[in-house]
Amino acid sequence: MSVDLHSHTTSSDGGHSPSELVRFAAEAGVDTLAITDHDTFAGLPEAIAAGEEHGLRILVGVEISVRHRPGTFHLLAYFPQLGAEPLSERLVEMRTRREERGRAIVARLESLGAPVEWSDVVGRAQGAIGRPHIADALVAAGYVKDRQAAFDRFLANGGPAFEPSRGLEPDEAIALVRESGGAPVLAHPFSLRLRRKDLGSTIHRLTQRGLAGIEVHRGDHTPDQFRTLSKLARKLGLIPCGGSDFHRQSDERRLGNTGVPPLPSETPELLLEYCDSDHPVRT
Ligand code: AMP
Ligand code: ZN
Ligand code: FE
Ligand code: FE
């Protein structure tokens with residue numbers, strides 16, 4: 001059995017409904033699954049019900065967009081139960097910002113000679129709108145052969161149609177998660193695109209602000225990346241976390257694949273203990 005603390009549903013840019021995702025996870029031998037959609041908790045009630053049906057524990061999670069350049073900063077957050085306020089309320093505004101950013105990307109595409117209808121993009125999303133929905137619209141319009149080509153040619157960070165995320169400031173995001181009773185965890189730390197030394201000092205600073213953990217166990221980490229992050233987590237007293245970051249069956253990522261070595265089974269308890277504690281800001 002395995003534990004997977006990072007997954008997406010159709011409530012953001014995943015390809016499967018929450019109940020379908022939970023069924024796939026049960027079939028893949030996952031016994032604890034966190035749903036971590038981008039900027040929304042919308043998939044969780046359905047996932048929790050499906051978890052009861054399949055005998056699988058569902059953890060309440062979310063992947064929050066944070067402002068950062070030149071890479072991507074995603075803050076995962078885990079909660080003992082639904083109803084994370086004030087965070088939930090702020091996410092409403094974040095989803096509006098996602099929409100505004102999506103429209104700005106579509107405007108750029110038009111000036112690049114690859115117009116797509118905004119209504120077509122919206123029609124592909126059932127929840128939080130993201131670049132993958134725009135990528136699918138570009139594929140459907142025949143500009144590119146697949147989603148990856150849409151990212152490579154237009155949408156990737158720094159690409160011609162890219163617009164930076166209009167998320168929360170890092171300290172604000174961490175504080176909001178903590179105030180809402182959750183455990184903040186830095187997702188895929190290498191996507192920050194910092195040099196090793198800067199990565200260490202940045203994560204150190206975030207730890208002082210109250211970061212609880214970082215993703216260490218991921219199927220897409222090289223052995224060298226695993227070692228670097230594992231050491232850093234130990235040095236800073238952070239909980240080594242991880243997951244598959246599964247979006248859809250057709251992708252390479254597999255539910256429950258958290259790399260080698262896999263995510264330890266006690267990690268959910270460490271996160272929930274963190275949520276329960278007073279976790280004072282370290283200075
Ligand atoms: P967004 O939330 O709109 O910034 O979109 C982020 C999502 O786009 C990620 O979760 C990935 O699923 C996907 N993505 C980001 N960068 C790339 C890339 N270079 N190639 C393929 N997919 C990507
Ligand atoms: Zn995603
Ligand atoms: Fe992410
Ligand atoms: Fe993700």
Side-chain angles (χ1 to χ4, degrees), residues 3-18 21 24-25 30 33-44 47 59-78 91 94-95 97-99 101-102 105 121 124-137 147-148 150-151 155-157 162-168 170 173-174 177 184-194 203 206 211 213-221 225 229 241-259 263:
V3 176
D4 189 336
L5 298 181
H6 193 154
S7 70
H8 296 272
T9 76
T10 43
S11 288
S12 64
D13 57 3
H16 308 284
S17 69
L21 179 82
F24 290 151
V30 174
L33 175 71
I35 310 286
T36 54
D37 274 312
H38 299 282
D39 301 320
T40 183
F41 290 104
L44 274 146
L59 287 190
V60 174
V62 63
E63 185 169 16
I64 305 167
S65 308
V66 175
R67 248 175 251 209
H68 174 79
R69 275 164 190 270
T72 297
F73 189 145
H74 284 167
L75 187 73
L76 291 161
Y78 301 97
L91 293 182
M94 308 271 298
R95 293 194 291 276
R97 288 194 212 167
R98 277 188 164 270
E99 209 172 305
R101 172 186 179 232
I105 292 174
V121 175
R124 290 167 193 284
Q126 293 172 47
I129 293 178
R131 281 179 285 165
H133 302 115
I134 303 174
D136 288 348
R147 195 184 264 199
Q148 189 56 53
F151 272 93
L155 303 173
N157 288 38
F162 178 68
E163 279 281 326
S165 155
R166 302 171 180 183
L168 299 168
I174 290 175
V177 171
V185 171
L186 178 63
H188 37 69
F190 287 107
S191 77
L192 292 173
R193 290 209 214 152
L194 296 170
I203 295 177
L206 295 171
L211 191 70
I214 57 175
E215 280 198 309
V216 171
H217 301 266
R218 284 181 61 100
D220 55 7
H221 277 159
Q225 288 179 319
L229 295 173
C241 299
S244 63
D245 207 350
F246 179 88
H247 282 74
R248 59 189 53 73
Q249 290 289 33
S250 55
D251 290 352
E252 267 174 35
R253 291 172 186 165
R254 291 266 146 266
L255 269 167
N257 176 17
T258 58
L263 184 69

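Quick caveat, the model's predicted, so the values are computed rather than measured. Whatever order the structure lists them in is the order used to number ligands and atoms, beginning at 1.
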Item to check | the Fe ion (ligand 4) to nearest N/O/S of His188 below 2.8 Å | outcome: no

Item to check | the Fe ion (ligand 4) contact by His8, N, O or S atom under 2.8 Å | outcome: yes

Checklist entry - Please walk me through it: do Leu21 and Leu255 pass side-chain contact (heavy atoms from CB on, under 4.5 Å)? => result CA-CA 9 Å; Leu21 179 82; Leu255 269 167; 4.1 Å; yes

Item to check | Whether His68 and Phe73 hold their rings parallel, tilted or perpendicular, with breakpoints at 30° and 60° | outcome: perpendicular

Item to check | Parallel, tilted or perpendicular: ring planes of Phe190 versus His221, cut at 30 and 60 degrees | outcome: perpendicular

Next on the checklist: Need the atom name: nearest N/O/S atom of His74 to the Fe ion (ligand 3).
Outcome noted: ND1

Checklist entry - Checking only N/O/S atoms, does Asp245 have one that is under 2.8 Å from the Zn ion (ligand 2)? => result no

Item to check | Stepwise side-chain contact (heavy atoms from CB on, under 4.5 Å) test for Asp245 and Asp220 | outcome: CA-CA 9 Å; Asp245 207 350; Asp220 55 7; 5.6 Å; no

Checklist entry - Is Arg253 salt-bridged to Asp251, cutoff N-O under 4.0 Å? => result no

Checklist outcome for this item: For the Zn ion (ligand 2), the nearest N/O/S atom on His247 is atom NE2

Item to check | Among the N, O or S atoms of His38, the one nearest the Zn ion (ligand 2) | outcome: NE2

Next on the checklist: With respect to the Fe ion (ligand 3), please indicate if Asp245 possesses an N, O or S atom at a distance under 2.8 Å.
Outcome noted: no

Item to check | Contact flag His6/the Fe ion (ligand 3), N/O/S atoms, threshold under 2.8 Å | outcome: no

Item to check | Expected output: side-chain Thr36 to main-chain Ser7 donor-acceptor under 3.5 Å | outcome: yes

Checklist entry - What is the distance from atom CZ of Arg248 to atom OG1 of Thr10, rounded to the nearest 0.5 Å? => result 10.0 Å

Checklist entry - So which N/O/S atom does Glu63 have closest to the Fe ion (ligand 4)? => result OE1

